[in-house]
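Below is one structure, written out as structure tokens; the observations come after it.
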Number of protein chains: 2
Amino acid sequence: MDNDLKDALIKKGISPSYHRLKIYEYLWENRTHPTADDIYNAIIKQIPTLSKTTIYNTLKTLGEKGLVSSITIEDNEVRYDADIAFHGHFKCTRCGALYDIDPEHIMLDKKNNVGKKILGHLVTEKQVYYKGICKKCQH
Amino acid sequence: MDNDLKDALIKKGISPSYHRLKIYEYLWENRTHPTADDIYNAIIKQIPTLSKTTIYNTLKTLGEKGLVSSITIEDNEVRYDADIAFHGHFKCTRCGALYDIDPEHIMLDKKNNVGKKILGHLVTEKQVYYKGICKKCQH
DNA sequence: ATCATTGCAAACACTTTGCATACGC
DNA sequence: GCGTATGCAAAGTGTTTGCAATGAT
């Protein structure tokens with residue numbers, strides 16, 4: 001399992017250092033759309049010398065190579081996701097949780113239009129998100 | 001025309017100070033999705049004593065009262081829009097321009113689902129955006 | 001020995017906060 | 001004159017940068 005992730009890094013030309021592997025592993029196992037800070041606070045327990053810089057460097061590298069996607073909904077926080085298949089998001093404005101939303105639930109075409117043109121503009125990325133009050137917070 | 005905007009502020013319970021009116025007027029006339037800084041740099045010419053704080057205060061007030069919507073695509077900049085009808089956006093990663101995209105072009109339902117529930121979550125806001133290379137930058 | 005990775009501290013950009021001043025009714 | 005709006009400066013937050021130290025082959 002660890003080796004699968006390691007191989008994924010190698011396949012993309014990223015040398016699989018211990019730190020990078022741990023960060024990618026964390027994102028792979030925690031589908032909670034963590035921020036850079038969340039990831040840092042989780043992994044520092046296992047790697048006490050870890051620095052934020054390494055988190056940022058690694059997330060940037062993984063992002064550039066297409067292994068993770070980044071989600072910006074609030075201006076003050078970027079969240080990261082190892083699920084790179086197209087899907088929407090729902091952000092609860094009360095508790096802050098971020099949920100995944102399948103394309104079929106948002107009446108979108110399942111394809112994300114990436115590689116196509118809209119009004120003449122070439123699309124390389126698509127994001128759909130909702131805000132509101134999540135299921136748990138409605139009571 | 002100025003009076004229409006003034007009345008819109010009054011109707012929402014916002015006292016129409018000169019500064020607030022100028023900021024709202026700027027957003028109304030410039031559908032370029034400016035940042036707080038863009039607005040500041042534009043209006044400082046007419047009101048030399050203007051401060052950024054007033055820009056932020058005003059944008060917050062207008063946003064809370066539903067007169068402008070804010071768009072977050074890049075983590076480091078919030079853009080503002082006096083067009084509060086639902087529509088998508090396209091951000092050019094080369095030149096940075098932000099274009100409006102009509103709902104019909106993005107194969108979405110025209111309704112924005114606001115007030116409805118998705119997977120049990122109550123939706124209060126929906127945003128759709130694309131990134132890519134815009135028409136002008138493709139040559 | 002060489003090159004890449006990591007870590008620290010400082011720099012940065014945008015936004016918010018606290019409080020004093022000025023304005024409008 | 002009183003309450004609100006404004007402005008300044010400082011603090012805060014998340015991220016990036018420069019460079020030195022460390023690690024791997």
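Lettering of chains follows the sequences in order, A, B, ..., and the numbering in each one begins at 1.
One atom, CZ of B:R79, and another, P of C:dC14, lie 12 Å apart when rounded to the nearest Å. Atoms CG (B:D37) and C1' (C:dC12) sit 14 Å apart, rounded to a whole Å. What separates CG of A:L59 from C1' of D:dT16 is a distance of 13 Å, to the nearest Å. Straight-line distance from the CD1 atom of B:I55 to the C1' atom of C:dT16: 15 Å, rounded to whole Å. Counting to the nearest Å, the P atom of D:dA10 and the NZ atom of B:K52 are 16 Å from each other. Between the C1' atom of D:dT13 and the CD atom of A:E77 lies a distance of 12 Å, rounded to the nearest Å. For the pair B:Y80 OH and C:dC14 C1', the interatomic distance rounds to 10 Å; values are reported in whole Å. Regarding B:E74, its CD atom lies at a distance of 18 Å from the P atom of D:dG14, rounded to whole Å.
To the nearest 0.5 Å, atoms CG (B:D102) and NE2 (B:H87) are separated by 8.5 Å. The distance from the CG atom of B:L67 to the CD1 atom of B:I14 is 5.0 Å, given to the nearest 0.5 Å.
Across every non-hydrogen atom of B:I84 and B:S69, the tightest pair is CG2-N, 3.9 Å. When every heavy atom of B:S70 is checked against every heavy atom of B:E125, the shortest pair comes out as O-OE2, 4.4 Å. When all heavy atoms are compared, the tightest approach of A:H89 to A:I101 is C-CG1, 3.9 Å.
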Derivation and outcome, side-chain hydrogen bond (donor to acceptor under 3.5 Å, both in side chains), residues B:Q138 and A:K117:
CA-CA 11 Å; B:Q138 283 171 32; A:K117 284 189 187 182; 2.9 Å; yes
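Cation-pi geometry between A:K126 and B:Y130 is not met at under 6.0 angstrom from the ring centre and within 45 degrees of the axis.
For D:dT16, the OP1/OP2 oxygens have no side-chain nitrogen or oxygen of A:Y56 closer than 4.0 Å.
For the residue pair B:S15/B:R20, the side-chain donor-acceptor check at 3.5 Å is satisfied.
Linking ILVMFWY side-chain heavy atoms closer than 4.5 Å, directly or via other members, places B:I73 and A:F90 in two distinct hydrophobic clusters.
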Letter per nucleotide, 5' to 3', of nucleotides 3-9 of chain C [B base touched, S only sugar-phosphate touched, - untouched; heavy atoms, 4.0 Å]:
--SBBBB
Per-nucleotide protein contact string for nucleotides 19-25 of chain C, where B marks a base within reach and S marks sugar-phosphate only (heavy atoms under 4.0 Å, - for neither)
-------
